[in-house]
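Before any comments, here is the structure.
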Amino acid sequence: MMWDGAQCLRVGRDLVVNIATKNHAMPCDWLERHLQGRFRIHRAYKLCDSHIDSMVIALAPGPLLVRSREVADYLPEAMRNWDMIVAPEPTKNSFPAYNDDDLLLSSLYIDVNVLSVAPDVVLVNDACPELARILEQFSFQVVPVRRRHRRIFGGGFHCVTLDTVREGGPEDYFS
């Protein structure tokens, strides 16, 4: 069994898990058994081929950054009423030019993968000024961070950032 943790979106004591193949379903079964009583698992069927964090990111309790409004159809019922902030369409000029034989591990939507460091502060790739402006319109403080070769390295901020130290336990945002 092999599984990529980027199939999960943690929202307090809830995990939204993208299930696109049997290779996603089997580890999710294991995860449910392992975390029983500590976290609730919500399966999002065929939200994307991989990496849920290029489709939807919880910015804080309530607002979600999504690739499109259609993402809501795949989310747990408790999240469908959250505010959906739709990311702008990516442009090719936001990325370095690559050769035809370069292995690109991330989609053009990798910049949806932002990182909230406080309920109103979000790290955003500095190559995405349109995304920064949209988040600022929703009262987020945007911190631009250079992340040039994210398509080759196969990840955004969540994929390469360690978790933070917090006081207390996981919150319940789905009640």
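FYI, the numbering just counts along the sequence from 1. These numbers come from the heavy atoms of this one structure, side chains and all, not from hydrogens, waters or symmetry mates. Here the structure is a predicted model, which is why all the values come from computation and not from measurement.
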Practice task
For E130, check side-chain contact (heavy atoms from CB on, under 4.5 Å) against everything at least two apart and list the hits.
Solution key: P88, R133
Fill in the blank from the handout: Scanning both residues in full, the closest heavy-atom pair of L9 with I52 reads N-CG2, 4.0 Å
Practice task
Would you give the length of the straight line joining atom CE of M55 to atom CG of N113, rounded to the nearest 0.5 angstrom?
Solution key: 13.0 Å
Practice task
Please round to the nearest 0.5 Å and tell me the distance separating atom CG of D53 and atom SG of C8.
Solution key: 10.0 Å
Practice task
Please list all pairs passing the salt bridge (Lys or Arg N to Asp or Glu O under 4.0 Å) test where one or both residues lie in residues 12-21, with sequence neighbours left out.
Solution key: D14-R40
Problem - Heavy-atom side-chain contact between V11 and F174 under 4.5 Å - result: yes
Exercise for the section: Establish, from distance only, whether the side-chain atoms of Q141 and D120 form a donor-acceptor pair under 3.5 Å. Expected result: no
Problem - M79 and V16, any side-chain heavy atoms less than 4.5 Å apart - result: yes
Completion exercise
Here the pair of heavy atoms bringing G12 nearest to R10 is O-NE, 3.0 Å
Practice task
State, to 0.1 Å, how close A60 and W82 come at their nearest heavy-atom pair, and which atoms those are.
Solution key: O-CZ3, 3.8 Å
Exercise for the section: Give the intermediate values and the outcome of side-chain contact (heavy atoms from CB on, under 4.5 Å) for residues I19 and L47. Expected result: CA-CA 7 Å; I19 307 291; L47 175 61; over 6 Å; no
Handout entry: Check: A118 main-chain N/O paired with S116 side-chain donor or acceptor under 3.5 Å
Key = no
Handout entry: Side-chain heavy-atom pair L15, L31 within 4.5 angstrom cut-off
Key = yes
Problem - Heavy-atom pair with the smallest gap, counting every atom of C48 and N18 - result: O-ND2, 2.9 Å
Listing, residues 65-76 side-chain donor-acceptor contacts under 3.5 Å, not counting sequence neighbours, or none:
residue, atom, partner, partner atom, Å
R67, NE, S54, O, 3.3
R67, NH2, S54, O, 3.4
S68, OG, E70, OE1, 3.0
R69, NH1, M84, O, 3.4

Handout entry: Residue pairs passing the salt bridge (Lys or Arg N to Asp or Glu O under 4.0 Å) test where at least one lies in residues 75-85, sequence neighbours excluded
Key = E77-R80
Fill in the blank from the handout: F138 meets the ring pair (Phe, Tyr, Trp, His ring centres under 6.0 Å) criterion, sequence neighbours left out, with none
Handout entry: Student check: side-chain heavy atoms of N125 and V114 closer than 4.5 Å
Key = no
Practice task
Would you check if I57 and L64 make a side-chain contact, meaning some heavy-atom pair closer than 4.5 Å?
Solution key: no
Practice task
For the residue pair I85 and L59, establish whether any side-chain heavy-atom pair is separated by less than 4.5 Å.
Solution key: yes
Exercise for the section: Report yes if the side chains of L35 and W30 come closer than 4.5 Å at any heavy-atom pair, otherwise no. Expected result: no
Completion exercise
Interatomic distance, NE2@H34 vs CZ@F39, rounded to 0.5 Å, equals 10.0 Å
Handout entry: Side-chain heavy-atom pair L135, V124 within 4.5 angstrom cut-off
Key = yes
Practice task
Could you list all the salt bridge (Lys or Arg N to Asp or Glu O under 4.0 Å) pairs where at least one residue sits in residues 25-39, not counting sequence neighbours?
Solution key: D29-R43, E32-R43
Handout entry: Spacing of CD belonging to E89 relative to CG belonging to L131, to within rounding of 0.5 Å
Key = 12.0 Å
